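Below is one structure, written out as structure tokens, with a few remarks after it.
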Amino acid sequence: MESTNQHCMILLVLVLILTCNVIIASSSSPATKRFHFNVEWKQVTRLCHTKSLLTVNGEYPGPTIAVHEGDRVEVEVTNRIAKNTTIHWHGIRQLRTAWADGPAYITQCRIRGGHTYTYKFNVVDQRGTLMWHAHFSWQRASVHGAFIIYPCAPYPFSPKNQAEIPIIFGEWWNGDVDAVESEMMLLGGGPNSSDAYTINGLPGPLYPCSAKDTFVQAVEPGKTYMLRIINAAISNELFFAVANHTLRVVEVDAVYTKPFSTPAIMIAPGQTTNVLITTNQAPDPSGMFAMAATPYLTSSFPTDNTTTVGFLQYKGRKSGNKNAKPSVVVPNLPKMTDTPFATKFLGKLRSLATPQYPWRVPKAIDKRVITTISLNLQDCPPNRTCKGYAGKRFYASMNNQSFIRPLMSILEGHYKSFTASQMLASSFPERPPKAFNFTGVDPVAENMNTEFGNKPLAVPFGTNLEIVLQDTSFLNPENHPIHVHGHNFFIVGQGFGNYDAKVDPMGYNLVDPPERNTVAVPVGGWSTIRFKADNPGTWFIHCHLEQHTSWGLVMAFIVPNGPGASQSLLPPPDDLPSC
Ligand SMILES: *[C@@H]1O[C@H](CO)[C@@H](O)[C@H](O)[C@H]1NC(C)=O
Ligand SMILES: *[C@@H]1O[C@H](CO)[C@@H](O)[C@H](O)[C@H]1NC(C)=O
Ligand SMILES: *[C@@H]1O[C@H](CO)[C@@H](O)[C@H](O)[C@H]1NC(C)=O
Ligand SMILES: *[C@@H]1O[C@H](CO)[C@@H](O)[C@H](O)[C@H]1NC(C)=O
Ligand SMILES: *[C@@H]1O[C@H](CO)[C@@H](O)[C@H](O)[C@H]1NC(C)=O
Ligand SMILES: *[C@@H]1O[C@H](CO)[C@@H](O)[C@H](O)[C@H]1NC(C)=O
Ligand SMILES: *[C@@H]1O[C@H](CO)[C@@H](O)[C@H](O)[C@H]1NC(C)=O
Ligand SMILES: [Cu+2]
């Protein structure tokens, strides 16, 4: 960990001086932290299977990026494989630096094998735990890691943690993950499931050959630890709990929350959660307490329903009984289908909303967009066999548009318009094209086809935007984690069933709603998010379940330059990969 950063002082002063909402990159010269990422293969063995795993620098999970609030970050990424890649800094706002955001064909073309691209951006007014991951096909299954931003000011909660432990959840496939995606897209059915969930790359004792591949963290009794929990899994939301210990939630998605205690958490792919844990239990005869993650299952599609287990090992308080086997039972872990628990847990999240960390939720809005987030069932192309439901194939859509990825970077294509501060054409439908009982239809009777395209949503700079995300029961109502690039948002309301524009806004929380970058939209329900569109660029909005992204549950969102020079997209970097 770095020592206290000089730049923190400068930044604090700046933040106090700048009263406007839009704090764009500071003019002082920040400390620059440089990292080198080699995307490369590495032979890795889990569950008795040895395979070439795609990694950064041979590490799985990948290296941790740790910086201070206010730092400038430069990550030189060299692609040393014979495939394309890109890396995304998930949750980093990328103010004016959309070029460094990472999603392939949205903000950049892919980094080809043998090529290098250096991502350069500032970490402005953000602090906490985020993640980085590959944003090309399903590479993020193993190409991911923690992105930690140490705060300038002391933590606003007590007790203060005395140490911290990163906890990264992932999924392990015995087979080749790229082949899983290709096969899914070719045959039109659901993807093969992962073979295990992992904690920091280790599956734990409930899987074959894995007792030796178990995450064990030594802890001292009577201390408070901060767990920096990251869900880097690609296909399921997860529940997480630690036997006999309560978790105190203090931050989600790198935003402080009002602290609350809970026996377990629910965390969706793309989300991060910091919890405090105090080692105040009399040790079990083995000296070990299990921690476990299981999926939170909301769909009836077959999926990985296994459990990964790791341990906290109390130091120096082992009993005389050396043969005592640690219990792998975690009594406080919810059942895999416990939607009431997930709902109650998410309902407790509140922004801290103090003068030092004020809420910035738009109280009034300039525009409301209502979009379905839906699975679809499309006729099989002629002369092909499809393995989706009823001989058809699966897709997914937003407002009945299943996203087709362009062959050029959308940002690059529009760059001239940004420099001219033009308002770019908005063609994404702002209401569901067909009104129907979104969460009540008989899935078999309905026409579940979709349209294909990449019409973007564009709004003027500074728009106070509301987006209502409405799940549908086409095929399967499901919890979808929707991630917005380039902006944090406030979750002002959510519920089950169909959103009602007359009634539901009256129940919005405009006082201390949770601020996040990824919202887990309730299964068979809706969420309303609000934010000020104040970051010029083209941004990806998408489901963070990888199969849904592949099926098209994605949209592009465009914010043009603002009136001031400091509200404009910077020019593209010289080494930006070409298409
Ligand atoms: C990399 O991307 C380019 C452009 O989309 C494509 O033509 C090429 O086949 C890709 N390379 C590999 C190895 O997939
Ligand atoms: C998916 O699973 C099926 C059945 O187990 C297997 O035959 C197939 O090879 C798997 N596909 C991939 C890409 O791993
Ligand atoms: C942990 O909790 C379980 C279930 O509540 C209880 O049976 C057990 O005694 C506890 N273990 C310790 C070491 O306190
Ligand atoms: C997990 O899924 C398998 C296959 O679908 C099923 O047989 C099994 O009962 C499930 N296990 C749990 C714990 O839900
Ligand atoms: C489908 O197969 C039939 C018979 O083999 C053939 O006549 C027809 O041209 C094929 N259609 C397409 C679109 O490939
Ligand atoms: C939608 O369908 C559900 C379930 O069939 C039903 O309970 C609900 O009343 C319907 N809503 C509307 C607005 O028709
Ligand atoms: C979606 O588009 C398809 C293709 O045009 C159409 O058949 C279907 O009815 C539309 N569905 C909805 C819900 O708008
Ligand atoms: Cu989804």
Side-chain angles (χ1 to χ4, degrees), residues 39-41 52 54 79-86 103-106 108-115 117 134-139 171 176-179 181-182 185 189-197 206-207 219 221-222 235-239 241-247 263-264 277-309 311-314 317-319 321 324-338 404-410 412-413 454 476 550 576-579:
V39 178
E40 61 191 30
W41 297 106
S52 285
L54 195 56
N79 180 0
R80 301 203 182 277
I81 59 168
K83 293 184 180 215
N84 299 312
T85 195
T86 67
Y105 306 113
I106 306 298
Q108 70 167 96
C109 299
R110 79 280 185 240
I111 309 173
R112 296 168 224 228
H115 288 238
Y117 177 44
H135 218 307
F136 194 93
S137 67
W138 286 19
Q139 293 175 355
E171 277 165 279
D176 172 12
V177 183
D178 272 358
E181 189 202 14
S182 313
M185 294 310 283
N192 281 10
S193 305
S194 52
D195 296 287
Y197 292 101
L206 298 183
Y207 298 98
V219 294
S235 38
N236 278 300
E237 288 87 354
L238 295 167
F239 288 124
V242 182
N244 302 70
H245 290 76
T246 297
L247 307 176
I277 186 166
T278 301
T279 47
N280 56 5
Q281 297 296 299
D284 187 80
S286 66
M288 313 270 261
F289 288 97
M291 54 175 117
T294 56
Y296 162 43
L297 301 178
T298 59
S299 127
S300 54
F301 284 132
T303 189
D304 183 346
N305 60 6
T306 60
T307 301
T308 178
V309 170
F311 293 96
L312 293 181
Q313 177 168 42
Y314 276 45
R317 299 241 310 248
K318 258 191 196 159
S319 76
N321 185 356
K325 276 220 156 176
S327 166
V328 296
V329 178
V330 181
N332 36 343
L333 198 62
K335 289 213 164 37
M336 293 187 197
T337 52
D338 199 342
I404 298 289
R405 205 162 284 206
L407 297 174
M408 292 282 294
S409 143
I410 299 182
E412 217 180 329
N454 46 35
N476 243 323
S550 300
L576 185 72
S578 57
C579 276

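These numbers come from the heavy atoms of this one structure, side chains and all, not from hydrogens, waters or symmetry mates. Ligands are counted one by one from 1 in listed order, and the atoms in each one are counted from 1 as well. Values in this document were obtained by computation on a predicted structure and should not be read as measured data.
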**OP:** Please report the shortest heavy-atom distance between His245 and Asn332, naming the atom on each side.
**Re:** O-ND2, 3.6 Å

Original post:
Using the ring of each side chain (for Trp, its six-membered ring), is Tyr314 parallel, tilted or perpendicular to Phe289, with breaks at 30° and 60°?
Top reply: tilted

Subject >> Candidate list Thr308, Asn305, Val309, test side-chain contact (heavy atoms from CB on, under 4.5 Å), partner Tyr197, passing option >> reply: Thr308

Subject >> Geometric N/O contact Gln281 with ligand 3, under 3.5 angstrom >> reply: no

Original post:
Where is the tightest heavy-atom contact between Ala104 and Phe136, given as atom of each residue plus distance?
Top reply: CB-CD1, 3.6 Å

Original post:
In ligand 3, which numbered atoms sit nearer than 4.0 Å to a non-hydrogen atom of Ala282?
Top reply: 13 (C)

Original post:
Does Ser182 offer a backbone N or O that forms a donor-acceptor pair with the side chain of Asp178 under 3.5 Å?
Top reply: no

Donor-acceptor pairs under 3.5 Å, side chain of residues 290-299 to any protein atom, not counting sequence neighbours: which ones?
| unit_1 | atom_1 | unit_2 | atom_2 | d |
| --- | --- | --- | --- | --- |
| Tyr296 | OH | Thr339 | OG1 | 2.8 |
| Thr298 | OG1 | Asn479 | N | 2.9 |
| Ser299 | OG | Phe301 | N | 2.9 |

Original post:
Is Ala243 near ligand 3, meaning one of its heavy atoms is under 4.0 Å from it?
Top reply: no

Original post:
Got a second to check how far Arg110's CZ is from Ser137's OG, nearest 0.5 Å?
Top reply: 13.0 Å

Original post:
Between atom CE of Met408 and atom SG of Cys109, what is the distance when rounded to the nearest 0.5 Å?
Top reply: 5.5 Å

Original post:
When only distance counts, is Thr303 in polar contact with ligand 4, meaning an N/O pair under 3.5 Å?
Top reply: no

What does the contact table look like for ligand 1 (nitrogen or oxygen on each side, cut-off under 3.5 Å)?
| unit_1 | atom_1 | unit_2 | atom_2 | d |
| --- | --- | --- | --- | --- |
| ligand 1 | 2 (O) | Asn84 | ND2 | 2.3 |
| ligand 1 | 2 (O) | Arg110 | NE | 2.9 |
| ligand 1 | 5 (O) | Tyr105 | OH | 2.9 |
| ligand 1 | 11 (N) | Asn84 | ND2 | 3.0 |

